[in-house]
Amino acid sequence: MNIPFNRPWISGLEVAYITEVLQSGHLSGNGAKTKACQEILKEITGCESALLTQSCTAALEMAALVTGIGEGDEVIMPSYTFVSTANAFLLRGAIPVFVDIRPDTLNIDENQVESAITEKTKAIVPVHYAGVPCDMGRILEVAKSYNLLVISDAAQAIGSSYEGSDVSSIGDFSTLSFHETKNISSGEGGALLINNLDFAERANVVWEKGTNRKAFFEGIVDKYTWIDLGSSYLPSEITATILLSQLKFREFILKERFKIWNFYHSYFQVLEEDGILRRPIIPDNCLHNAHMYYILLDVKKFERGEFLDKLRALGIHAVFHYLPLHNSPAGLKYGRSVGQLKNTIKASYSLVRLPLWIGLSDSEVTYICKKVDETLRSMQK
Ligand SMILES: Cc1ncc(COP(=O)(O)O)c(C=O)c1O
């Protein structure tokens, strides 16, 4: 057995689609394929406007630029997240303010957000960990009473919903990732989804290097010129066409991922009952997207590094995930944290992500489950 942690899924349409793009004479961004993807993203998520980017990192950076978040402003986010969540705002001179996560979903603790607010706070950045939505009801309530923006890092959450609405349609902005480890992928890729239309025009300008090129193409101005800050965020039509070929299979992708997620979840019920591990918890008012299957180990009973090594020796490539940002070298230098962040630290020591990708066979998933079971039982102190 040699089971990788991830293997990107290929729809089979890619080669024909890329050939079509190559023959079309339009390889740069913002062509027919980009527009088709953006329309599908609007349809899936219910967001008001969508712009493809080269990554979720780029989409977060765009959100920071478009909203004018700058020097000395504060942005509240979980410490248990990817570096891009913080870097995007830090690049504008803002200060990331880290709060703890909830022990159940590992999402930002909505009840700690208020205590992190100061007169410099401009935005809250919820991260929907493992594609499980944050408590957006409470987050929106806090944002409204302090007049803050909500910029969701939905890198992992395409297709997830909160109280019946796609989670990306909630708040002012959401950012998606199409990195090869995500449910839908173009290798590298992302999108900025805009729900607050006050920012839509500026977002288009920032997207097009700070020019009013969109207005030019729409015949509103007779030449385009530099009018604002901006950069080159557009992916090429080749990237967009790979994304399009995957978006067309979004229901199939979801179904296949859920088969594996559900198998893990039912198999590990007994291990949870035996106090060996803890399984993911999905709140009743949320639908997730089977992005990730993780288990949480009791660190008093198990040494995670040893467990990962044992799995690796059995041909199973399981991995840990984020190191907290608040106590990282850059976090200590540039950020501020609120409270002890005990749940963040605990998750960073105890979480193990298991392989979950389309093409993982029933026998491989069964093998992983059995080996996790046997290994943990044999290691139990
Ligand atoms: C929560 C979160 N935000 C942002 C990113 C960055 O995504 P990308 O690789 O598309 O820039 C990731 C990547 O995994 C992520 O997990």
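From a predicted model like this one, the values you see are computed outputs, not experimental measurements. Index from 1, following the sequence. Whatever order the structure lists them in is the order used to number ligands and atoms, beginning at 1.
Less than 6.0 angstrom separates the ring centroid of F258 from the ring centroid of H288. Centroid-to-centroid, the aromatic rings of F307 and F302 stay 6.0 Å apart or farther.
Taking the salt bridge (Lys or Arg N to Asp or Glu O under 4.0 Å) definition, one finds that E43 meets it with R250, sequence neighbours left out. Residues satisfying the salt bridge (Lys or Arg N to Asp or Glu O under 4.0 Å) criterion with K346, sequence neighbours excluded, are absent altogether.
Contact check on E374 versus K370 returns no salt bridge, with no Lys/Arg side-chain nitrogen under 4.0 Å from an Asp/Glu carboxylate oxygen.
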Distances under 3.5 Å, N/O of ligand 1 against N/O of the protein: list each pair and its distance.
unit_1: ligand 1; atom_1: 3 (N); unit_2: D153; atom_2: OD1; d: 3.1
unit_1: ligand 1; atom_1: 3 (N); unit_2: D153; atom_2: OD2; d: 2.7
unit_1: ligand 1; atom_1: 10 (O); unit_2: C56; atom_2: N; d: 2.9
unit_1: ligand 1; atom_1: 10 (O); unit_2: S177; atom_2: OG; d: 2.7
unit_1: ligand 1; atom_1: 11 (O); unit_2: C56; atom_2: N; d: 3.3
unit_1: ligand 1; atom_1: 11 (O); unit_2: T57; atom_2: N; d: 2.9
unit_1: ligand 1; atom_1: 11 (O); unit_2: T57; atom_2: OG1; d: 2.5
unit_1: ligand 1; atom_1: 14 (O); unit_2: K182; atom_2: NZ; d: 2.7
unit_1: ligand 1; atom_1: 16 (O); unit_2: Q156; atom_2: NE2; d: 3.1
unit_1: ligand 1; atom_1: 16 (O); unit_2: Y322; atom_2: OH; d: 2.8

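For residues 128-151, the pairs satisfying salt bridge (charged side-chain N to carboxylate O under 4.0 Å, His left out) are E114-R138, R138-E141, with sequence neighbours left out.
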